[in-house]
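Just below is one structure, and these are the notes that go with it.
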Amino acid sequence: MVVGGGPAGRAAAAACSDTGLEVVLVDPAPRRVWPHTYGAWRDELPAAIPGPALASVVDRMVLHGTDQHEWHRPYAVLDNTALWKHLWRHDVAEVTGRAQAAEHGPTGSTVLLKDGRRIAAAVVVDATGAARALSGGRPAHTSAQQSAVGWVVSAAAAEPFCGPGEGVFMDWRPAPQTRGGWPTFLYAVHVGPDRVLLEETSLARRPALPLALLRRRLAGRLAEAGVAESERLAEERVRFPVDDPLPRPGRVIPFGAAGGLVHPASGFSVAASLQRAPWLAAAISAALPSGPAVAARAAWSILWPPRAVSGHVLRHRALQALLSLPPEQVPEFFELFFRLDARHRAAFLAAEEDPAGTAAAMSALFASAPWRIRRRLALGGLTVGHPQARHGLGGT
């Protein structure tokens with residue numbers, strides 16, 4: 001049983017079905033097409049994702065800090081309807097309902113729905129996103145969250161920010177309505193042949209930056225460039241945690257955002273979920289003859305080997321260091337990141353956890369930072385790999 005019908009849940013259900021397992025998918029609205037925009041580096045999407053499932057692919061992403069930078073690496077935005085159809089399987093039974101608890105026995109598990117129904121399955125996958133409905137629920141602490149408000153406008157209206165064949169990964173130049181406070185950036189991507197999403201984004205903040213504030217900053221930024229509110233074709237609102245700890249392994253297999261696959265520096269998770277769904281399915285299928293508990297352990301082990309756990313810990317340490325910076329130093333921090341070699345940027349933002357690559361990128365950024373930022377990063381925990389960071393700041 002897969003609980004949750006988002007991209008991660010649908011990918012898990014499809015992969016399990018493709019291995020020959022009988023699958024049931026439980027979701028409050030299993031036929032609903034996902035409302036949010038999902039982007040990914042093209043080279044991190046599985047080869048099996050068909051061309052029609054990509055709403056757009058651009059050759060380069062622009063980054064604005066103190067200077068302008070270009071990253072010549074293809075970037076894709078997914079077409080949610082086409083991706084949903086690609087992941088739909090006629091032999092996956094769909095149940096409309098909300099799961100709220102799971103009971104486990106030697107031969108399988110029983111999931112209790114909110115309306116009182118009980119559904120039995122050998123193995124349960126929790127793909128309920130940030131709710132983590134069957135994986136312990138929300139953590140007790142206040143989460144660091146990414147929040148954003150975006151307008152979809154015509155490509156012609158968006159040209160002051162995003163031209164043909166390019167997107168904007170981060171533009172840290174301040175919006176006109178910004179009067180101090182936590183900095184935000186503009187993210188801009190093509191979401192169709194003649195439509196562009198312009199999104200004012202707070203990368204991570206505890207507590208989250210209010211959506212009303214982001215909407216005001218976005219409106220001010222666009223108005224300054226001559227883009228009136230009447231150009232808005234649709235609005236997108238985003239808010240989700242980026243610092244959730246890994247759930248504990250157990251009889252329920254957490255997957256997707258519920259299972260720790262949200263990248264704390266970018267908020268991306270869909271490419272990682274699409275990559276790993278076949279791993280999950282293969283592990284369950286191979287181990288299930290030995291029993292449901294063995295299958296759950298096998299799935300957890302293939303999703304989170306020690307190397308991946310180490311990479312996850314390092315990235316969360318980098319997030320804590322970022323959150324420790326005063327607001328005025330955040331854009332400067334990202335200017336340092338933009339100036340890193342492309343290999344370091346790619347390793348740190350990769351969908352797959354790479355502890356060596358992450359540590360090398362963190363060390364390179366620390367080494368290039370001025371001492372006022374180094375001090376903050378060291379106090380925040382960004383000390384991997386750099387001798388001066390490991391042994392203190394020498395009284396500087």
### Query
With under 30° as parallel and over 60° as perpendicular, where do the rings of Phe337 and Phe334 fit, or are they tilted in between?
perpendicular
### Task
Verify, without hydrogens or angle tests, whether Arg117 (side chain) and Leu112 (backbone) share a donor-acceptor contact under 3.5 angstrom.
no
### Query
Can you name the salt bridge (charged side-chain N to carboxylate O under 4.0 Å, His left out) partners of Arg239, sequence neighbours left out?
none
### Message
So, taking the atom named CD in Glu199 and the one named CZ in Arg237, what distance separates them when rounded to the nearest 0.5 Å?
### Response
11.0 Å
### Message
Quick check against the 3.5 Å criterion: does Thr128 have a side-chain atom that pairs as donor or acceptor with the backbone of Ala133?
### Response
yes
### Message
So for atom CZ, which belongs to Arg232, do other residues, nucleotides or ligands contribute more than 12 heavy atoms lying within a distance under 6.0 Å?
### Response
yes
### Message
If the threshold is 4.0 Å, N to carboxylate O, is there a salt bridge linking Arg73 and Asp43?
### Response
yes
### Message
Salt bridge or not between Arg276 and Glu353? Use side-chain N to carboxylate O under 4.0 Å.
### Response
yes
### Task
Kindly determine whether Thr37 and Glu236 satisfy side chain to side chain donor-acceptor pair (under 3.5 Å), including the steps that lead there.
CA-CA 8 Å; Thr37 301; Glu236 176 173 278; 2.9 Å; yes
### Query
Can you name the nearest heavy-atom pair linking Gly65 to Glu335, along with the distance?
CA-OE1, 3.2 Å
### Task
Give, for atom OG of Ser143 and atom CZ of Phe240, the distance between the pair rounded to the nearest 0.5 Å.
12.0 Å
### Task
Taking Arg138 for its side chain and Ala130 for its backbone only, find out whether a donor-acceptor pair lies under 3.5 Å.
yes
### Task
Salt-bridge test for Arg98 and Asp115: reply yes if a basic N is under 4.0 Å from a carboxylate O, no otherwise.
no
### Task
Give a yes or no on whether the backbone of Trp41 and the side-chain of Glu44 come within a donor-acceptor separation of less than 3.5 Å.
no
### Message
To the nearest 0.5 Å, what is the distance between CG on Leu323 and CZ on Arg376?
### Response
12.5 Å
### Query
Think Arg374 forms a cation-pi with Trp371, using NZ or CZ under 6.0 Å from the six-ring centre and within 45 degrees of its axis?
yes
#### Entry: Sequence neighbours excluded, every pair satisfying salt bridge (charged side-chain N to carboxylate O under 4.0 Å, His left out) that has a member inside residues 12-41
Asp18-Arg89, Arg31-Glu94
### Task
Look at the aromatic rings of Trp84 and Trp88 and report parallel, tilted or perpendicular, splitting at 30° and 60°.
parallel
### Query
Taking atom NE2 of His263 and atom CG of Leu319, what is their separation to the nearest 0.5 Å?
10.5 Å
### Donor on one side chain, acceptor on other, Glu200 and Thr184, under 3.5 Å
yes
### Message
Looking at every non-hydrogen atom in both residues, tell me the closest pair between Leu87 and Ala11 and how far apart they are.
### Response
CD1-N, 3.9 Å
### Message
Quick check: is Val124 connected to Val23 through a chain of hydrophobic side chains (ILVMFWY, heavy atoms under 4.5 Å apart)?
### Response
no
### Message
Using a 3.5 Å distance criterion without hydrogens, assess whether the side chain of Asp194 forms a donor-acceptor pair with backbone atoms of Ser154.
### Response
no
### Check: Trp304 side chain, Gly259 main-chain N or O, donor-acceptor pair, under 3.5 Å
yes
### Task
Check the pair Ser135 / Asp126 against side chain to side chain donor-acceptor pair (under 3.5 Å), numbers first and verdict last.
CA-CA 7 Å; Ser135 303; Asp126 182 357; 2.7 Å; yes
#### Entry: Ser290 side chain vs Val294 backbone, donor-acceptor pair below 3.5 Å
no
### Task
Would you please classify the geometry between the His316 ring and the His312 ring as parallel, tilted or perpendicular, with 30° and 60° separating the classes?
tilted
#### Entry: Criterion side chain to side chain contact (heavy atoms under 4.5 Å, CB included) on Arg339 and His69, from CA distance to verdict
CA-CA 8 Å; Arg339 291 178 180 176; His69 308 265; 3.7 Å; yes
### Query
For Gly357, does its backbone N or O pair with a side-chain atom of Asp354 as donor and acceptor, under 3.5 Å?
yes
### Exam field: side chain Arg251 to backbone Gly108, donor-acceptor pair closer than 3.5 Å
yes
### Message
Just verifying a value: how many Å separate Leu78 CG and Ser56 OG, rounded to the nearest 0.5 Å?
### Response
9.0 Å
### Message
How long is the straight-line distance from CG of Leu222 back to CZ of Phe161, given to the nearest 0.5 Å?
### Response
4.5 Å
### Task
Quick one: sort the Phe169 and Phe268 rings into parallel, tilted or perpendicular, breaks at 30° and 60°.
perpendicular
### Query
Can the positive tip of Arg60 be found less than 6.0 Å from the middle of the six-membered ring of Trp71, inside 45° of the ring normal?
no
### Donor-acceptor under 3.5 Å (Arg215 side chain, Ala148 main chain)
no
